[in-house]
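Reading through the structure tokens given below for one structure.
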Amino acid sequence: MRLHAVGSSFSQIARELGLSTTTVITASQGKCTSRRVELAIAEKLGSNPEQLWPSRYLEKGGAR
């Protein structure tokens with residue numbers, strides 16, 4: 001992902017959220033859902049979850 005380009009990483013997000021790095025990676029890959037993780041990643045990238053993972057939201061009628 002582009003996190004390194006903006007000076008961040010999955011590990012850093014995990015520390016900030018009090019989660020394991022594995023949890024953050026798993027959520028980013030869509031193997032589990034975590035709005036909190038998606039929002040944190042999107043914020044670091046200056047985006048929103050709907051733009052980063054459109055298929056996750058389109059499958060659900062546009063929102064979770």
Side-chain angles (χ1 to χ4, degrees):
M1 210 174 237
R2 304 171 291 183
L3 287 172
H4 291 284
V6 295
S8 190
S9 67
F10 289 130
S11 296
Q12 181 180 354
I13 291 170
R15 283 190 301 274
E16 291 170 0
L17 297 177
L19 301 170
S20 72
T21 302
T22 302
T23 299
V24 174
I25 291 169
T26 302
S28 76
Q29 295 172 338
K31 295 179 182 174
C32 71
T33 58
S34 173
R35 180 72 173 169
R36 191 173 116 184
V37 170
E38 290 174 358
L39 285 169
I41 292 170
E43 182 178 292
K44 294 285 183 184
L45 296 174
S47 187
N48 63 57
E50 293 82 1
Q51 289 177 312
L52 296 177
W53 299 282
S55 64
R56 294 183 194 180
Y57 293 86
L58 294 176
E59 293 171 4
K60 310 258 186 210
R64 275 198 201 179

Locate the shortest heavy-atom distance separating [X] from [Y]; write the atom from each residue and the value.
| X | Y | answer |
| --- | --- | --- |
| Ser9 | Gln12 | OG-N, 3.1 Å |
| Lys44 | Val6 | O-CG2, 3.6 Å |
| Leu52 | Arg2 | CD2-NH2, 3.1 Å |
| Val37 | Ala27 | CG1-CB, 3.7 Å |

Legend entry - Same apolar cluster: Leu39 and Ile13, side chain cutoff 4.5 Å: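 Leu39 and Ile13: separate clusters.
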Legend entry - No-hydrogen, no-angle side-chain donor-acceptor test under 3.5 Å, Thr26 and Thr23: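 On atom types as modelled, these side chains do not qualify, holding no pair under 3.5 Å.
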Inset, instruction - Answer with yes or no whether the side chains of Glu38 and Tyr57 bring together a donor and an acceptor at under 3.5 Å. - result: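 A pair is found: one side chain offers a donor N or O, the other an acceptor, under 3.5 Å apart.
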Inset, instruction - Would you check if the side chain of Arg15 reaches a backbone N or O of Thr21 as a donor-acceptor pair within less than 3.5 Å? - result: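 A pair under 3.5 Å: no.
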Legend entry - Residues, nucleotides or ligands: over 12 heavy atoms within 6.0 Å of Glu43 CD: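 Atom CD in Glu43 is not crowded, with 12 or fewer foreign heavy atoms closer than 6.0 Å.
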Inset, instruction - Taking only Lys NZ, Arg NE, NH1 and NH2, and the carboxylate oxygens of Asp or Glu, determine whether Glu50 and Arg56 approach each other closer than 4.0 Å. - result: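 Answer for the salt bridge query: no.
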Legend entry - Heavy-atom check, side chain of Trp53 versus side chain of Thr33, under 4.5 Å: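 No, their side chains stay 4.5 Å or more apart.
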Inset, instruction - With the side chain counted from C-beta on, respond yes when Ile41 and Phe10 share a heavy-atom pair under 4.5 Å apart, and no when they do not. - result: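 When only atoms from C-beta onward are counted, Phe10 and Ile41 do touch, with a gap below 4.5 Å.
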